[in-house]
Amino acid sequence: MHRYRTHNCSELKKSDTGKKVKLSGWIHSVRDHGGIIFIDLRDHFGLTQVVIDPKREFYKALEHWRVETVVCFTGEVTERTPETINPKLETGEIELVAEEMEILGEAIVLPFQIAKEEHAPEATRLKYRFLDLRREKLHKNIILRSKVISFIRKRLSEIGFNEFQTPILTSSSPEGARDYLVPSRLHPGKFYALPQAPQQFKQLLMVAGFDRYFQIAPCFRDEDARADRSPGEFYQLDVEMSFVTQDDVFKIIEELMAELFKTFSDKKVDDAPFIRIPYRETMRRFGTDKPDLRNPLEMIDVTASFVNSGFNAFASVVKNGGVVRAIKVPGIAGQPRKFYDDMIAFAQSVGAKGMAYIIWTGGEEKSPIVKFMSRQEIDSLKEAGKIQDGDVMFFLADKEKKVMEIGGAVRTELAVRLNLIDKNVFKFCWITDFPMYELDEETGQTIFSHNPFSMPQGGMDDLLKKNPLDILAFQYDIVCNGVELSSGAIRNHRPDIMYKAFEIAGYAKETVDEKFGGMIRAFMLGAPPHGGIAPGIDRIVMLIADEPNLREVIAFPFNQQAQDLMMNAPAEATLKQLRELHIKIALPEKKEEKKAHEGQPPAAT
RNA sequence: GGGGGCGUAGCUCAAUUGGUUAGAGUGCCACCCUGUCACGGUGGAUGUUGCGGGUUCGAGUCCCGUCGCUCCCGCCA
């Protein structure tokens with residue numbers, strides 16, 4: 001007989017009755033009836049009920065039959081009588097009658113319960129992550145993640161992709177997020193950077209002729225956390241392909257995503273191909289570049305109806321170059337007055353000066369603003385929104401950018417309050433035609449709006465002739481239920497176009513050579529056209545697992561302050577380590593000290 | 001860097017809006033119980049109300065500060 005087990009805790013069936021077996025696992029729950037004791041023994045695979053006669057010698061060996069102690073039982077598989085069968089358990093038709101017991105790992109009192117649903121505080125859960133991971137939900141999520149990754153590897157390998165590793169210690173890149181730096185011992189004063197993404201490496205692999213690359217790639221960005229954004233590190237399904245157009249990338253990824261989501265979720269999943277929405281259109285209709293298409297509401301432009309309107313608040317906005325956008329919500333005329341007041345308060349909380357509305361009900365308009373408007377103007381709104389009796393329209397007026405932003409938030413809030421979002425579907429879309437450049441609002445500089453390595457859609461011609469702000473890039477996002485899964489692009493593989501593109505964003509040729517010398521050199525030695533994408537693994541698993549927070553799909557996550565409470569990272573380094581790295585620590589002044597110094601001349605040194 | 005929320009027993013939460021000795025469930029400890037499966041029953045222990053200060057006859061409750069966790073804004077090519 002095996003040292004620890006002959007079976008796992010979910011595989012014993014009625015047909016095993018009479019067998020002498022050995023099981024090892026955690027004590028999940030104890031039901032002590034005095035004359036007979038039941039223990040649910042749990043392992044990764046499931047639960048098996050063990051029956052103990054307290055007269056057995058081994059019963060006294062364990063002072064406390066405390067849950068989560070790891071034990072090994074040897075005994076006979078026994079069929080349960082019909083009335084004692086537990087249909088909730090895989091192994092519910094049998095039980096193990098214990099003859100011997102060995103303690104493998106005793107547990108002290110737990111900081112929180114494993115078997116019972118109990119909401120422990122996040123910090124405690126993170127400190128005792130190994131315990132939290134024993135709980136069914138989290139355990140399942142991590143297994144789901146493993147399966148998702150293995151599914152992706154299998155599929156992509158089948159269609160000609162090769163998986164490569166790229167360096168973790170690399171150099172800092174000038175664009176993008178804050179880098180994590182690693183000091184160099186051999187080169188005093190110099191630093192490696194952890195990759196924000198393997199962007200340049202994957203492009204160089206294409207130049208090297210590998211044709212199709214993928215990697216479940218760790219990415220490191222020193223930026224602040226959100227519920228759907230881990231601080232520090234996260235994983236991308238990094239993909240790059242040679243000799244492809246945007247359509248080729250879309251086809252591979254949308255088929256993979258549709259199949260992946262259908263395989264691992266019971267929700268209804270969009271079939272490939274996914275719909276495509278140009279950036280400017282999604283901003284206009286949804287006020288965001290990651291629209292949740294489960295939300296049926298959208299914005300329409302009704303600026304024309306207010307140009308000469310007697311409703312001065314809006315008319316003056318329009319005269320000053322602003323716009324008016326409307327959101328039609330069908331069939332909610334019955335909402336109480338408070339609903340409209342609350343929505344207006346919400347709009348104001350996200351930056352609106354106010355919000356108007358018209359309720360069409362019983363063949364007339366109810367609204368604080370219609371008395372200022374002509375019949376013709378009101379009818380033009382009705383026409384624009386294809387209004388039927390019972391419908392309501394909300395109006396926002398401001399500069400276009402602001403209206404889109406506020407309208408996007410109002411659109412989402414309306415859907416949430418009115419429960420318009422179908423929780424049982426995954427709706428995907430591509431956002432295409434991102435602008436190549438945008439204006440830095442502070443400096444007025446033209447800057448790259450996304451990836452500087454994207455190919456401008458008109459190539460060199462557009463760079464030379466068009467207003468930079470009108471140039472579109474072969475740059476795209478894939479969005480699922482309002483979550484941005486990934487950005488991608490067809491890359492700029494032409495050195496001449498590259499220099500020009502960087503020049504427009506204010507980079508001298510020398511700077512480009514210095515920062516991207518390796519890549520430029522590669523592009524001058526025969527580079528294939530190529531492009532790719534990099535969907536976030538954590539977000540994919542989060543969506544499939546239906547979790548609101550990334551930490552629920554990561555085995556050992558950071559907290560929001562980018563700390564690992566279990567491993568106690570980050571931590572101070574020893575003096576010896578610092579000396580070897582030629583590093584001196586200059587801590588920020590504490591707040592009290594700062595206050596004490598205020599208004600005083602700096603101390604003479 | 002900024003804003004919101006939370007912080008009471010190991011854990012989840014309550015405390016009649018400032019009033020006597022801060023409660024309940026769960027966990028923990030002891031005992032009882034031979035068919036439970038979130039077993040049940042009886043009894044018991046457990047609190048610097050995050051920390052520091054203030055107002056008050058009196059503070060878990062109000063005020064100020066601070067720390068921690070979380071959500072959001074900034075940031076995230």
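Sequence lines set the chain letters: A, B, ... in the order given, protein chains first and strands last, and positions in each chain run from 1. What you see is a predicted model, and the numbers here were worked out from it, not measured in a lab.
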Rounded to whole angstrom, note down the C1' distance from G47(B) over to G7(B).
14 Å
Hey, what do you get for CD (Glu76(A)) to CD (Glu99(A)), rounding to the nearest 0.5 Å?
6.5 Å
Neighbour count >12 (heavy atoms, 6.0 Å) for atom CZ, Phe234(A)
yes
Which nucleotide, C75(B), C69(B), U34(B), lies nearest any side-chain atom of Ile36(A)?
U34(B)
Is a donor-acceptor contact shorter than 3.5 angstrom present between the side chain of Arg66(A) and the base of G27(B)?
no
Would Phe38(A) pass as stacked on U36(B), i.e. its ring centre under 5.5 Å from the base's six-membered ring centre and planes under 30° apart?
yes
Charged N-O contact under 4.0 Å between Glu405(A) and Lys401(A):
no
Taking atom P of U34(B) as reference, at what distance in whole Å does atom CD of Gln49(A) sit?
16 Å
Under a 4.0 Å N-O cut-off, is there an ion pair linking Lys140(A) with Glu552(A)?
no
Any side-chain N or O of Gln561(A) less than 4.0 Å from the OP1 or OP2 oxygen of U70(B)?
yes
Below 3.5 Å, does any donor atom in the side chain of Arg80(A) face an acceptor in the base of U36(B), or the other way round?
yes
Taking atom P in both U42(B) and G60(B), what distance in whole Å separates the two?
33 Å
From C39(B), C69(B), G74(B), pick the nucleotide closest to the side chain of Gln563(A)?
C69(B)
Do any side-chain nitrogens or oxygens of Thr81(A) fall under 4.0 Å of OP1 or OP2 in G35(B)?
no
Between CE of Met455(A) and CD1 of Ile490(A), what distance do you get to the nearest 0.5 Å?
9.0 Å
What's the CG-C1' distance between Asp228(A) and C71(B), to the nearest Å?
12 Å
When you measure from the side-chain N and O atoms of Gln113(A) to the phosphate of A38(B), is any distance below 4.0 Å, counting only OP1 and OP2?
no
Taking the C1' atom in each of C64(B) and G25(B), what is the distance between them to the nearest angstrom?
36 Å
Remember a base hit wins even if backbone is also touched, and classify Asp32(A) as base, sugar-phosphate or nothing at under 4.0 Å, heavy atoms.
base
Is a donor-acceptor contact shorter than 3.5 angstrom present between the side chain of Arg229(A) and the base of C76(B)?
yes
Side-chain N or O of Arg551(A) closer than 4.0 Å to phosphate OP1/OP2 of C71(B)
yes
Give a yes or no on this: more than 12 heavy atoms of other residues, nucleotides or ligands lie within 6.0 Å of atom CD of Glu484(A).
yes
On RNA chain B, nearest-nucleotide positions of Gln199(A) versus Arg226(A): which is more 5'?
Arg226(A)
So, does Arg31(A) get its side chain near the phosphate of U36(B), meaning an N or O under 4.0 Å from OP1 or OP2?
no
Which label fits Phe250(A) and Tyr476(A): parallel for a plane angle under 30°, tilted from 30 to 60°, or perpendicular past 60°?
perpendicular
Could you measure between the two C1' atoms, the one in C62(B) and the one in U70(B), and give it in whole Å?
25 Å
Expressed as a whole number of angstroms, how long is the span from Asn549(A):CG to C72(B):C1'?
13 Å
Looking at every strand, decide which applies to Glu95(A) at a 4.0 Å heavy-atom threshold: base, sugar-phosphate, or nothing.
base
Can you tell me how far P of C37(B) sits from CD1 of Ile52(A), to the nearest Å?
17 Å
From CD of Glu122(A) over to P of G50(B), roughly how many Å is that when rounded to an integer?
20 Å
Syn if the chi torsion is within 90° of 0, anti otherwise; quick check, which is U17(B)?
syn
For A9(B), which nucleotide is its Watson-Crick or G-U wobble mate, given both distances must be under 3.5 Å?
none
C11(B) C1' sits how many Å from Tyr128(A) OH, rounded?
12 Å
Students often get this wrong, so: under 4.0 angstrom with heavy atoms, is Arg125(A) touching a base, only sugar-phosphate, or nothing?
nothing
Quantified in whole Å, what is the C1' atom distance between nucleotide C32(B) and nucleotide C39(B)?
14 Å
Can you tell me, in whole Å, how much space there is between the P of C63(B) and that of G19(B)?
15 Å
Pairwise 5' ranking along RNA chain B for Gln196(A) and Gln560(A), keeping only the more 5' one:
Gln560(A)
With both distances under 3.5 angstrom, what nucleotide forms a Watson-Crick or G-U wobble pair with U66(B)?
G50(B)
From G1(B), U70(B), C76(B), nucleotide with atom closest to Ala177(A) side chain
C76(B)
Roughly how far apart, to the nearest Å, are C37(B) and U20(B) at atom P?
41 Å
Using a 4.0 Å heavy-atom cut-off across all strands, classify Pro452(A) as base, sugar-phosphate, or nothing.
base
Which nucleotide, if any, forms a Watson-Crick or G-U wobble pair with C39(B), using both distances under 3.5 Å?
none
Euclidean distance, atom NZ of residue Lys88(A) to atom C1' of U36(B) [Å, nearest integer]
11 Å
Sugar-phosphate only, base, or nothing, as touched by Ser487(A) at under 4.0 Å among non-hydrogen atoms:
nothing
Please determine which of Ile52(A), Asp53(A), Val51(A) meets the side-chain contact (heavy atoms from CB on, under 4.5 Å) test together with Ile36(A).
Val51(A)
Tell me whether His33(A) and C39(B) count as stacked here, given that the ring centres must be under 5.5 Å apart and the planes must differ by less than 30 degrees.
yes
What integer number of Å spans the P atoms of C6(B) and U61(B)?
14 Å
In whole angstrom, what separates Phe448(A)'s CZ from C76(B)'s C1'?
18 Å
